[in-house]
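Written out below as structure tokens is the structure these notes cover.
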Amino acid sequence: MATTRVFISFAIEDKQYRTFLVAQAGNEKSPFEFVDMSVKQVWDEKWKTNCRTRVKGCDGVIALISKNTANADGQLWEIKCAYEEGVPTMLMWINADRPALPALIKDKRINIWSWENIKAFINKL
């Protein structure tokens, strides 16, 4: 059975939540792996091309949504890329804060972070 690949999209300021998600999956001995394109420097066209290739190579995308998302150009581009490529995408709040959202995701369903929600999403892939 092939391993399911899930791309994690997050604002760089929320990197610790990406780490939590990966650790949670490891604790559950999950039959899937996570991929991301986290960068500390400004992203360019080469990054976008590489990112699109990675997103397309994944079975799904989990986007970690926070107060930082609205200003996270890289994360918003990753989410937009997933939508354009038709990759199933789950938006997930990282905490109880509910900030104003950018136009790209303001009318989308955003799930509460729970292992049940993550499993349900991945089981549909």
Side-chain angles (χ1 to χ4, degrees):
M1 182 176 189
T3 300
T4 300
R5 291 173 47 108
V6 178
F7 188 95
I8 306 172
S9 178
F10 59 97
I12 197 66
E13 298 86 353
D14 300 325
K15 187 171 181 141
Q16 72 272 20
Y17 292 97
R18 176 234 175 251
T19 301
F20 294 157
L21 181 58
V22 171
Q24 185 177 20
N27 290 342
E28 298 288 336
K29 296 183 178 27
S30 304
F32 54 87
E33 67 177 323
F34 289 121
V35 176
D36 68 63
M37 287 288 292
S38 57
V39 291
K40 293 187 175 113
Q41 69 277 6
V42 175
W43 43 278
D44 58 14
E45 288 305 314
K46 183 178 178 185
W47 177 88
K48 285 182 174 182
T49 300
N50 290 338
C51 182
R52 184 174 294 276
T53 299
R54 282 199 180 185
V55 168
K56 283 171 48 174
C58 288
D59 301 292
V61 172
I62 294 177
L64 304 179
I65 306 303
S66 75
K67 66 181 181 181
N68 299 309
T69 299
N71 295 316
D73 292 340
Q75 179 184 23
L76 293 172
W77 192 88
E78 292 166 350
I79 296 168
K80 182 177 179 240
C81 177
Y83 290 161
E84 290 172 352
E85 296 297 335
V87 178
T89 302
M90 179 175 80
L91 307 177
M92 187 169 67
W93 294 112
I94 64 168
N95 56 33
D97 295 343
R98 298 296 182 264
L101 297 170
L104 178 67
I105 62 172
K106 77 175 189 162
D107 295 326
K108 303 286 187 189
R109 176 186 172 144
I110 304 179
N111 294 278
I112 293 172
W113 185 317
S114 75
W115 189 246
E116 289 305 313
N117 284 340
I118 295 166
K119 264 190 348 190
F121 173 71
I122 290 172
N123 285 340
K124 289 187 215 173
L125 300 177

| query | Taking the side chain from Asn117 and the backbone from Ile112, do they hold a donor-acceptor pair closer than 3.5 Å? | reply | yes
Per-pair distances, 0.1 Å, donor-acceptor, side chain in residues 93-106, under 3.5 Å, sequence neighbours excluded:
unit_1: Asn95; atom_1: OD1; unit_2: Asp97; atom_2: N; d: 3.0
unit_1: Arg98; atom_1: NH1; unit_2: Asn95; atom_2: O; d: 2.6
unit_1: Arg98; atom_1: NH1; unit_2: Ala96; atom_2: O; d: 3.3

| query | Is a side-chain N or O of Gln75 found less than 3.5 angstrom from the main chain of Leu64, in a donor-acceptor match? | reply | yes
| field | Point-to-point distance, once rounded to the nearest 0.5 Å, from CG of Asn68 to CZ of Phe10 | value | 11.5 Å
| message | According to a hydrophobic-cluster definition based on side-chain heavy atoms being under 4.5 Å apart (Ile, Leu, Val, Met, Phe, Trp, Tyr only), do Leu76 and Ile12 belong together? | response | no
| Under a single-linkage definition using a 4.5 Å side-chain heavy-atom cutoff for Ile, Leu, Val, Met, Phe, Trp and Tyr, are Ile122 and Ile8 assigned to the same hydrophobic cluster? | yes
| query | Atom SG of Cys51 and atom NZ of Lys46: how far apart are they, to the nearest 0.5 Å? | reply | 14.0 Å
| task | Examine distances only and state if a side-chain atom of Asn111 and a backbone atom of Leu91 form a donor-acceptor pair shorter than 3.5 Å. | result | yes
| field | Spacing of Thr69 atom OG1 and Glu13 atom CD [to the nearest 0.5 Å] | value | 9.0 Å
| Are Ile65 and Met90 joined in one hydrophobic group, where the rule is that I, L, V, M, F, W and Y side chains link up if heavy atoms are under 4.5 Å apart? | no
| request: Decide whether Trp77 and Ile79 are clustered together by the hydrophobic rule: side chain heavy atoms of Ile, Leu, Val, Met, Phe, Trp, Tyr closer than 4.5 Å, transitively. | output: no
| field | Polar side chain donor-acceptor pair, Thr4 to Asp59, under 3.5 angstrom | value | no
| field | Polar side-chain atom of Ser9 near backbone of Phe7 as donor-acceptor pair, under 3.5 Å | value | no
| request: Check whether NZ of the Lys or CZ of the Arg Lys108 lies under 6.0 Å from the centre of the six-membered ring of Tyr83 and within 45 degrees of that ring's axis. | output: yes
| Ion pair check, Arg52 and Glu84, cut-off under 4.0 Å | yes
| task | Indicate, with yes or no, if Tyr17 and Ile118 share a hydrophobic cluster defined by side-chain heavy-atom contacts under 4.5 Å among Ile, Leu, Val, Met, Phe, Trp and Tyr. | result | yes
